[in-house]
A.B. asks: 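Before we start, here is the structure in question, set down as C-alpha cells.
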There are 2 protein chains.
Amino acid sequence: MPGVTLHDVAAAAGVHPSTASRALDPAKEDLVSEATRRRIVAAAARLGYRPHLGARGLKRGRTATVGVVAADLGNPFVTPLLHGIAAALEAVRSLPFIAETQDDHARFERILDHMLSRRVDAIITTAARTADREMLEDAARHTPVVIAARALPGSPLPQALHDDLSGAELAAAHLVELGHVRVAQLRGPLDVANFAQRAEGFSARCTRAGVVEVPVAGTADRPVGAEGRRLMHRLLASDDGLPTAVFPHNDLMALGALAALEEAGLRCPEDVSVIGYNDTEILARTAPPLTSVSYPSREVGEAAGRMAIASTDGSGPVESVSLPPTLVVRASTTPPGSGPRPGW
Amino acid sequence: MPGVTLHDVAAAAGVHPSTASRALDPAKEDLVSEATRRRIVAAAARLGYRPHLGARGLKRGRTATVGVVAADLGNPFVTPLLHGIAAALEAVRSLPFIAETQDDHARFERILDHMLSRRVDAIITTAARTADREMLEDAARHTPVVIAARALPGSPLPQALHDDLSGAELAAAHLVELGHVRVAQLRGPLDVANFAQRAEGFSARCTRAGVVEVPVAGTADRPVGAEGRRLMHRLLASDDGLPTAVFPHNDLMALGALAALEEAGLRCPEDVSVIGYNDTEILARTAPPLTSVSYPSREVGEAAGRMAIASTDGSGPVESVSLPPTLVVRASTTPPGSGPRPGW
DNA sequence: CTGTTAGCGCGTTCAA
DNA sequence: TTGAACGCGCTAACAG
C-alpha cells in the first residue's frame with residue numbers, strides 16, 4: 001500500500017504513465033477520453049494512489065506550501081493571525097508550514113534556510129526584528145517574502161501591518177482623558193518595530209498633554225508575562241514615585257504587571273490603572289478585565305495570506321497595507337485615585 | 001541567485017556533481033580530499049547554494065519533516081505540546097509541519113491526505129476523535145502515526161497520553177474533600193476519548209462518595225469557552241436545583257462557565273466552585289484563579305516526538321506511554337457556602 | 001579519492 | 001486521444 005506511484009496506477013489501468021498523469025490532473029483531464037479516464041481514476045482509488053508532492057514540486061516548481069514564521073506560538077495574539085493566513089491560503093489550496101523562532105535570531109535563520117531549501121512558494125513572517133532585516137531581504141531574492149504584524153521599517157518588502165503609532169496614542173489619550181498625569185510604559189523589545197512605535201506614539205501623546213512619564217529603566221527581552229512582571233517590579237522599586245497608570249506594551253506583559261501589582265499589595269485599578277495591547281480574546285477575563293488596544297490580527301493575517309499569493313503570481317508589485325487600531329475599555333483603567341469602574 | 005543547483009556548484013569547483021554532493025554531506029565529507037572539499041564548500045557559499053529538499057527527499061525517501069495535527073491552535077494547552085514535539089524532533093534535525101483541524105473531520109482528512117502526499121516521515125496527531133480512528137489507522141499503513149494527548153482507545157497505534165480517568169477522579173476527590181455533595185459536570189465532546197474518560201472518572205468518584213451529580217443536558221460541540229458558557233447557562237436555567245461545584249472538562253470551558261456565572265449574578269467560589277482541567281499557564285490569572293488538574297503537555301509532546309522518531313527508525317514496535325495528572329488548587333474552589341479562600 | 005551511471009516520481013514536451 | 005522520451009535536482013551504487 002505504501003509507495004503507490006503513478007506508474008502503478010497506469011499499469012493497473014493498462015495505459016501509459018503520462019496518460020494517467022493527464023487523467024488525474026484536473027486541468028488536463030479533458031485531454032483524455034472519458035472511458036479511460038474513469039478506468040484510471042478507479043485504479044488510482046483502488047490502489048490508494050497519492051501524488052508525490054515532492055516529485056511534483058520538482059517538476060512544476062511549485063510546492064503548494066507557504067512558510068509561516070511566528071515568534072511565539074504561546075502568545076494568543078498569533079492564533080487569529082494564523083487562522084487568517086490559513087483562510088486566505090485555502091483559496092489556492094496551499095497549506096501553511098508553521099515554525100517558531102522564539103525570538104532567537106539564529107533559530108530564525110535556520111528556519112528560513114529550511115524553508116528556502118524546502119522551496120516553499122512564499123514566506124510570511126510575523127517574527128521580524130530589526131536585526132533580521134538583511135537576512136529577510138536576502139531570502140526575498142529567492143522566494144517572495146511578506147512581512148506581517150511585526151513591521152520592518154524602510155524595507156521594500158510588502159508588509160501587512162497595523163498602525164501601532166496610532167494605537168499607542170489611543171492608549172495615552174484614554175489615560176489623559178481619565179485625568180492621569182503620571183504614567184509609565186513597560187516597554188517591549190525596541191528592536192521590534194511595533195514596540196518602538198508604541199513607545200513613540202505613547203510618549204508623543206503624553207508630552208502633548210503635559211503628562212509626566214515616569215521612566216522605567218530597560219525594556220523587556222521578549223514581550224512575555226515574566227518580563228512584564230520584572231519591569232513592573234522594577235518600577236515599583238524605583239524611587240521616582242509611582243505613576244497612577246501603566247502601559248505594558250502588550251497583553252501578556254500586562255498580565256505580568258498585574259501579577260507584580262498583586263505581589264506588591266497594590267490593587268488595579270484603584271491604585272494603578274493598566275492598559276494593554278492586542279485585546280487578546282482569551283485574556284478578556286483577567287482580574288480585572290483588561291482595557292486594551294484592539295489589534296485586528298485575523299484581518300492582518302488574511303491580508304498577509306492574500307499578499308503572499310499575489311507575490312507568487314508574479315502579477316506585479318504587491319501593495320502594503322496597514323489596518324487601524326481601536327480601543328476596548330474594560331475595568332483595568334479608571335480615573336486616578338478612584339474606586340473601581342461602576343458596572344464591573 | 002535563485003535556483004543554484006548542485007550542478008552549478010560542481011561546475012564552479014571543477015568537479016563532478018556527485019563529488020560535490022559528497023563534500024556537502026556531513027556524513028560523507030571524509031570521502032573527499034580536504035583540498036577539493038574546501039573548494040566545493042567555497043563555491044557553494046559563493047553561489048548561495050541551497051540543497052533542494054524536495055529532490056533530496058525524492059532520492060533518499062526521507063523528508064526530515066514530521067506532520068503535526070492539532071485540533072485548535074487557540075487552545076493554550078497545545079503550545080507546550082508543540083514545544084515538546086519540536087524539542088524532541090530537533091535531535092534528528094527534523095521540523096514539525098503543523099496543521100489545524102478545528103475539530104472538523106473533513107478538514108482532518110484533507111490535512112492527512114496532504115501530509116501523506118508530502119511524504120512526511122511520520123505523523124503526530126493531537127486531534128483524534130473516535131470517528132477519526134479508521135482514517136488514522138489507514139494513514140498508518142503508509143506512514144508511522146503517533147497518537148498524542150487525545151487517546152484513541154483500543155487502537156494499536158502508539159500513543160503518548162495522560163491519565164484522564166485519574167485526573168477527573170482527582171478533581172472529584174478534591175470537591176468531595178471540601179464537603180460538596182451536589183456537583184455537576186460540563187462535558188466536553190464525548191467522541192474525544194479524553195472527555196469521555198473525564199466524565200467517567202468524575203462520576204465514578206462521586207458515586208463512591210455518595211455525592212449527587214446534577215445532570216446537564218448535552219455536551220460541548222467543541223471544548224471551547226463559548227460552549228462552556230452555553231452549558232453553564234443551561235445548568236443555571238434548569239430546575240433541578242443548583243450544584244455547589246461544577247467541573248467543566250477543560251480550562252477554556254471553565255472560563256466560559258465563569259462568564260456565565262457572572263452574567264447570572266453568581267459569584268465564584270462563594271456561590272459555585274469551579275474546577276478546570278489542563279492547568280493552562282496563561283489562564284492562571286483568571287478571576288478567581290482557577291483550580292485545575294495539571295496536564296503535563298510538554299512532556300507528552302516530548303514523548304510523542306521521541307515515539308515518532310522511533311517509529312521511523314523501524315527499530316521494532318513503539319511503546320505507548322501515559323503520564324499522571326496532578327492537582328493545582330487555587331481560589332476557584334472552596335467548601336460549599338463559604339466565603340473566598342483565605343490568602344487570595 | 002573521484003567520475004560514471006542510473007533512477008527516485010512526476011509532468012511536459014513532441015510525435016504518432 | 002495516447003505513447004515515448006526527457007529532465008526537474010539529487011544521491012546511491014559501482015567503477016576506476
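These numbers were taken from a predicted model, which means no experiment stands behind them. Residue numbers start from 1 in every chain, and the chains themselves are labelled A, B, ... in the order their sequence lines are given, proteins ahead of strands.
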A.B. asks: Tell me whether the side-chain N/O atoms of A/S33 come closer than 4.0 Å to OP1 or OP2 in D/dT2.
C.D. replies: yes
A.B. asks: For the side chain of A/T5, counting heavy atoms from C-beta on, which of D/dG3, C/dC10, D/dT2 is nearest?
C.D. replies: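 Between D/dG3, C/dC10, D/dT2, the one nearest the side chain of A/T5 would be C/dC10.
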A.B. asks: Let me know the distance between CG of A/L6 and P of D/dG7, rounded to the nearest Å.
C.D. replies: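 So the CG-P distance, A/L6 to D/dG7, works out to 20 Å.
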A.B. asks: Quick check on DNA chain D: between B/R22 and B/A55, whose nearest nucleotide comes earlier from the 5' end?
C.D. replies: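 Its nucleotide being nearer the 5' end, the pick is B/A55.
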A.B. asks: Hydrogens and angles aside, do A/E100 and B/H83 bring a side-chain donor and acceptor to less than 3.5 Å of each other?
C.D. replies: yes
A.B. asks: Nearest whole Å is fine: how far is C/dC10 P from A/R50 CZ?
C.D. replies: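 After rounding, the reported distance stands at 12 Å.
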A.B. asks: Round to a whole Å and report the spacing from CZ of A/R118 to P of D/dC8.
C.D. replies: 21 Å
A.B. asks: Check if the side chain of B/S18 and the base of C/dT4 share a donor-acceptor pair of N or O atoms closer than 3.5 Å.
C.D. replies: yes
A.B. asks: Below 4.0 angstrom, N of the basic side chain to O of the carboxylate: do A/E302 and A/R298 qualify?
C.D. replies: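 A/R298 and A/E302: salt-bridged.
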A.B. asks: Rounded to the nearest angstrom, tell me the gap between atom CG in B/D25 and atom P in C/dT2.
C.D. replies: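 My rounded result for the distance is 15 Å.
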A.B. asks: Any side-chain N or O of B/R56 less than 4.0 Å from the OP1 or OP2 oxygen of D/dT11?
C.D. replies: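 Result: yes.
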A.B. asks: Just checking A/P17: base, sugar-phosphate only, or nothing, at a heavy-atom cut-off of under 4.0 Å?
C.D. replies: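 Nothing, no nucleic acid heavy atom in range.
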A.B. asks: Looking only at side-chain N and O atoms, does A/H16 come under 4.0 Å of OP1 or OP2 in D/dA4?
C.D. replies: yes
A.B. asks: Please figure out whether A/L53 or B/T36 has its closest DNA chain C nucleotide nearer the 5' end.
C.D. replies: B/T36
A.B. asks: Return the value, rounded to whole Å, for the distance between atom CG of A/L58 and atom P of C/dG11.
C.D. replies: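 These atoms are roughly 11 Å apart.
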A.B. asks: Closer than 4.0 Å, any side-chain N/O of A/S21 to the OP1 or OP2 of C/dT12?
C.D. replies: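 For A/S21, the contact criterion (side-chain N or O under 4.0 Å from OP1 or OP2 of C/dT12) is not met.
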A.B. asks: Is any side-chain N or O of B/K59 under 3.5 Å from a base N or O of C/dG7, one able to act as donor and the other as acceptor?
C.D. replies: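 Present.
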A.B. asks: Charged N to carboxylate O below 4.0 Å: is that the case for B/R150 and B/D132?
C.D. replies: no
A.B. asks: Could you tell me the separation between the OG1 atom of A/T143 and the CZ atom of A/R118, rounded to the nearest 0.5 Å?
C.D. replies: 13.0 Å
A.B. asks: Between A/D30 (CG) and D/dT2 (P), how many Å, whole number?
C.D. replies: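 Result: 12 Å.
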A.B. asks: Between B/R38 and B/E34, is there a salt bridge with N-O shorter than 4.0 Å?
C.D. replies: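 Between B/R38 and B/E34 there is a salt bridge, with a charged N closer than 4.0 Å to a carboxylate O.
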A.B. asks: A/L116 CG to D/dG9 P: how many Å, rounded?
C.D. replies: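 Distance, rounded to whole Å: 16 Å.
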A.B. asks: So if I take every side-chain heavy atom of A/T19 and compare against C/dC10, D/dG3, D/dG9, which nucleotide ends up nearest?
C.D. replies: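 Closest nucleotide to the A/T19 side chain: D/dG3.
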A.B. asks: Without decimals, in angstroms, what is the distance between B/R62 CZ and D/dT11 C1'?
C.D. replies: 15 Å
